[in-house]
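Note that the structure is predicted; figures quoted are calculated from it, not measured. In what follows, chains carry the letters A, B, and so on, assigned in the order in which the sequence lines appear, proteins first and then strands, with residues in each chain numbered from 1.
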Amino acid sequence: MSDVRVRFAPSPTGYLHIGSARTALFNYLYARHTGGKFLLRIEDTDLARSTDESTRSILEGLAWLGFAPDEEIIFQSNNADKHREAARRLLAEGKAYRDFTPKEAPKDANVKDAIKERARAQGDEKHMRDNPYRDLSSDESDVRAAAGEPFAIRLKVPVEGRTAFNDQVYGIQERDYADTEDLVLLRSDGHPLYNLAVVCDDIEMGITHVIRGQDHLTNTHKQILIYEALGVTPPTFAHLPLIMAPNKGKLSKRKHGEVVSMTTYRDAGFLADAFRNFLALLGWSASEEREIYSLEELIEKFSLEGIHRSNAVFNFHPDDPRKWTDDKAIWMNAEYIRSMSLEGLLPHVKAELKAAKLWRDEYEESREQLHERTSASLEIGYKEWFEYTVNLIRQRFFTLKDFSAQGRAYFSEDFDFDPAAIAKNLTKFPELKEWLPELAERFESMEFFFEDIIEEVVKAFAEEKGTKLGVIMNGARTLLTGVAVGPSMLAVFEVIGKERSIMRLKSQIAWN
RNA sequence: GUCCGGUUCGUCUAGGGGUUAGGACACCGCCCUUUCACGGCGGCAACACGGGUUCAAAUCCCGUACCGGAUACCA
């Protein structure tokens, strides 16, 4: 046990972004590794942009990844009074002052650019301490406030000196006070601002380690100033490198769409274990040549020292359907699907088949159970068949979706034929139109339908027709499964079963 | 502009004075095989640049370039 307390503090202005998800992951891993607590705080103080829908979506994403907070979720907006209280205290202590400068008209869409422009225009001439109200006497300030004149409250940053902290990732960070403005604590409408709110809440929640994106590096200096004014020792900080788009630019919802949303991965048939594993390796490594880690192993190996300083690219190709997201994430998911325990995979396959309306309850009834219930005596129970089939077809699957898409023909009579498979395996060999139904007839006379005996029959058939075995097999594969890829065709025949195999080989619908 | 950070294969990364600069993904080739996106074997491919320090620099120092972040009465 330790007294480490970390928090993940998203603002609900959209879905759970991949970068935020990784921040949550690192906080979670750190908490678990140290035996501390992982907390969640929703920073919903931006009334204009925060939505309940976003909060739900973020919570959903976190739940999917398995990061349950150890204490009740804090909603920052509920603490506004405390934030105002803190600002007033600082004002009373002379560590902050009222700024009566009229509020500027709200900027338009390009706030970011406008700010940049203004800053550029300012050049290296900095006037961080030239606010005319900074040194207004408290009497006069009180009088004007009492008269109802609107004001914002700004922190009175000392003239001489610097803020410094030892970042656990980036090392010693120092910043001259001259580079930090007298930041606004409370807006003229009484609304507390981000830096104040964060500091107050982190203090109240007893946060010991702040692990967040590197984009907060300069905020940290401002927050340290607030901690100092409040007379509280700041927590330890660890800033994370950012996750960038393929062009090394910013990864954004607006530009990159749902490829950055966590729910996309859940809905696309990713396993949370696999995606979490992938995320962990973006900006962190255990300094060993290995990439598959269970959650337990990540918790055990995780350390702040293993976090990198350079940004990582989330590599995807919007124009290539097969690489719509990072190659490695796809590979990782496939790796999990094919090598995790069948027992662990089954529930996921069940959920996927249910969603696709392909699930049948018999898939959970074993041969013995069926016998007990109906006294029917099958060669093999549905449960055994289902598990054998899933195990067989998972080898070439990338996502859970594949079980209901590519694998549809194993669970339903209603499946589509891939035009490319038809072209490659059927229309190229017109004789197959006659041959395949003929093969079906051979099957009809078979007493047993097992791999080795099927092999004998098909081989003899191919020989008789004077064609390559592959031509027959691949034609049959297309008719039986609708696709051109899959496991050994002998196993496919067996798993599809004699009756269905015969039916599909005779069917002419793929030919039309 | 200013402040802060970063820079090893296309991507994720190991390595932090002496290495044939290692692994993974992707890509390519070969093998297996009835096809294949499984598997096996192999290949392509990187220390941003310029100066120093040193017997020796990817590794330490300085500079340059480039990239990123921040610079709000947003979070």
Side-chain angles (χ1 to χ4, degrees), chain A residues 9-11 13 43-46 48-50 76 99 101 103-104 106-107 111-112 114-116 118-126 150-154 170-171 173-176 178-181 183-189 191 193-195 197-198 213-219 221 239 241-242 244 246 248-250 278 281-285 287-292 308-316 322-323 326-332 334 338 394-398 406 421 424-425 455 458-459 462 468-478 483-490:
Chain A
S11 56
T13 54
E43 310 219 315
D44 55 348
T45 56
D46 186 337
R49 293 194 301 151
S50 298
Q76 188 161 64
D99 179 2
T101 310
K103 186 175 186 280
E104 280 180 47
K107 298 166 194 87
V111 238
K112 220 79 179 173
I115 289 162
K116 207 170 176 177
R118 192 214 288 165
R120 199 193 305 283
Q122 188 180 12
D124 57 356
E125 296 280 298
K126 288 183 188 152
F151 60 86
I153 296 182
R154 284 183 185 273
Y170 288 94
Q173 299 293 309
E174 294 176 308
R175 188 175 167 95
D176 252 45
D179 292 320
T180 302
E181 67 169 345
L183 57 143
V184 173
L185 265 17
L186 219 56
R187 238 157 54 176
S188 48
D189 62 2
H191 187 81
L193 254 24
Y194 174 73
N195 284 303
V198 166
Q214 183 246 72
D215 50 335
H216 285 287
L217 230 23
T218 48
N219 278 332
H221 287 98
H239 288 88
L242 272 18
M244 316 303 288
K248 294 191 196 294
K250 198 173 177 181
F278 167 75
L281 266 21
L282 228 42
W284 173 82
S285 94
S287 293
E288 57 184 357
E289 293 183 347
R290 178 179 166 188
E291 39 278 317
I292 303 295
H308 306 149
R309 278 153 288 272
S310 54
N311 295 340
V313 169
F314 182 57
N315 196 24
F316 60 95
R322 266 180 63 184
K323 296 185 177 184
D326 199 290
D327 282 336
K328 202 156 186 170
I330 295 174
W331 167 80
M332 184 92 60
R338 74 174 83 97
R394 69 163 157 168
Q395 289 311 318
R396 285 169 177 77
F397 286 175
F398 290 91
Q406 311 228 116
K424 183 183 171 197
N425 296 331
E455 181 171 23
V458 181
K459 269 191 172 157
K468 285 203 299 188
L469 185 60
V471 173
I472 303 295
M473 290 293 202
N474 293 325
R477 179 187 298 284
T478 305
V483 292
V485 300
S488 154
M489 208 34 219
L490 296 170

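- A distance of about 13 Å separates the C1' atoms of A21(B) and U13(B), rounded to the whole Å.
- Using a 4.0 Å heavy-atom distance criterion, H191(A) is classed as a sugar-phosphate-only contact.
- Remark: G1(B) base-pairs with U71(B). Criterion, Watson-Crick or G-U wobble with two distances under 3.5 Å.
- Under the Watson-Crick or G-U wobble criterion, with both distances below 3.5 Å, C41(B) is paired with G29(B).
- Taking atom P in both G1(B) and C44(B), the straight-line distance is 42 Å, to the nearest Å.
- Residue E289(A) is the one, among E289(A) and V184(A), whose nearest nucleotide of RNA chain B lies closer to the 5' end (criterion: closest heavy atom).
- N315(A) places no side-chain N or O within 3.5 Å of a backbone atom of P246(A) that could act as its donor or acceptor partner.
- Rounding to whole angstrom units, CG of residue D176(A) and C1' of A70(B) are separated by 16 Å.
- Atom NZ of K424(A) and atom CG of N474(A) lie 6.5 Å apart (nearest 0.5 Å).
- The base of C74(B) is paired with the side chain of R49(A) by a donor and an acceptor separated by under 3.5 Å.
- Within the 4.5 Å cutoff, the side chain of L281(A) has heavy atoms near those of the M332(A) side chain.
- Base pairing of G18(B): its partner is C55(B), meeting the Watson-Crick or G-U wobble criterion (both donor-acceptor distances under 3.5 Å).
- The distance between atom CD1 of I115(A) and atom C1' of A72(B), rounded to the nearest whole Å, is 4 Å.
- One finds the CG atom of L193(A) at 9.5 Å from the CG atom of D46(A) (value rounded to the nearest 0.5 Å).
- Remark: the N219(A) side chain and the A75(B) base include a donor-acceptor N/O pair separated by less than 3.5 Å.
- Rounded to whole Å, the separation between the P atoms of U59(B) and U53(B) comes to 15 Å.
- If you take NZ of K250(A) and C1' of A70(B), they are 11 Å apart, rounded to a whole angstrom.
- In this structure, CG of D215(A) is placed 18 Å from P of C74(B), rounded to the nearest angstrom.
- Remark: the backbone N or O of F398(A) is not paired with any side-chain donor or acceptor of R338(A) at under 3.5 angstrom.
- With both ends at atom P, the span from G50(B) to C66(B) equals 16 Å, rounded to whole Å.
- Judged by Watson-Crick or G-U wobble contacts below 3.5 Å, the nucleotide G50(B) has C62(B) as its partner.
- Using the Watson-Crick or G-U wobble rule with both distances under 3.5 Å, C9(B) pairs with nothing in any strand shown.
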- Item | Trace of the salt bridge (charged side-chain N to carboxylate O under 4.0 Å, His left out) decision for D189(A) with R187(A) | CA-CA 5 Å; D189(A) 62 2; R187(A) 238 157 54 176; 3.0 Å; yes
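- Of the possible polar contacts, none joining the S11(A) side chain to the T13(A) backbone as a donor-acceptor pair under 3.5 Å is found.
- Nucleic acid contact class of M332(A) (heavy atoms, under 4.0 Å, all strands): none.
- When the C1' atom is used for both A24(B) and C9(B), the distance is 12 Å, rounded to whole Å.
- Atom pair F316(A):CZ and A26(B):P shows a separation of 18 Å (rounding to whole Å applied).
- Across all strands shown, T45(A) has heavy atoms under 4.0 Å from sugar-phosphate atoms exclusively, and none from any base.
- For the pair R118(A) CZ and U71(B) C1', the computed distance is 10 Å after rounding to whole Å.
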Scan nucleotides 3-12 of chain B against the protein and return all N/O pairs shorter than 3.5 Å with their distances rounded to 0.1 Å.
residue, atom, partner, partner atom, Å
C3(B), O2', R175(A), NH1, 3.2
C4(B), O2', Q173(A), OE1, 3.4
U11(B), O4', N315(A), ND2, 3.3
C12(B), OP1, V313(A), N, 2.6
C12(B), O2', L281(A), O, 2.9
C12(B), O2, K328(A), NZ, 3.1

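- Contact check for I330(A) versus R322(A): no side-chain heavy atoms found under the 4.5 Å cut-off.
- For the P atoms, the distance linking U35(B) with C49(B) amounts to 46 Å, nearest Å.
- Comparing A48(B) with G6(B), their C1' atoms are spaced 12 Å from each other, to the whole Å.
- Within the model, atoms OH of Y170(A) and CG of L217(A) stand 7.0 Å from one another, a figure rounded to the nearest 0.5 Å.
- With a cut-off of 3.5 Å on both Watson-Crick or G-U wobble distances, the partner of C36(B) is given as none.
- To the nearest 0.5 Å, atom CD of residue E291(A) and atom OG of residue S285(A) are 11.0 Å apart.
- Here, A45(B) and G10(B) have their P atoms 10 Å apart, quoted to the whole Å.
- A donor-acceptor pair under 3.5 Å is formed between the side chain of H191(A) and the backbone N or O of T45(A).
- At the heavy-atom level, K468(A) lies nowhere under 4.0 Å from the strands shown.
- Between M489(A) atom CE and L469(A) atom CG the span is 11.0 Å, to the nearest 0.5 Å.
- Summarising the geometry, the separation between CG on L185(A) and P on C73(B) is reported as 12 Å, rounded to the nearest angstrom.
- With hydrogens and angles left out, the side-chain atoms of R175(A) and T180(A) include a donor and acceptor closer than 3.5 Å.
- Under a 3.5 Å cut-off, the side chain of N311(A) and the backbone N or O of L242(A) do form a donor-acceptor pair.
- We find that CG of D46(A) is positioned 16 Å from P of A72(B), with the value rounded to whole Å.
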- Under 4.0 Å protein heavy-atom contact, by nucleotide of nucleotides 30-46 of chain B - B base, S sugar-phosphate only: ----BBBBBS-------
Using nucleotides 15-17 of chain B, report all nitrogen or oxygen pairs with the protein that are shorter than 3.5 Å.
residue, atom, partner, partner atom, Å
G15(B), OP1, S287(A), OG, 3.1

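- A sub-4.0 Å separation between OP1 or OP2 of A24(B) and a side-chain N or O of R290(A) is absent.
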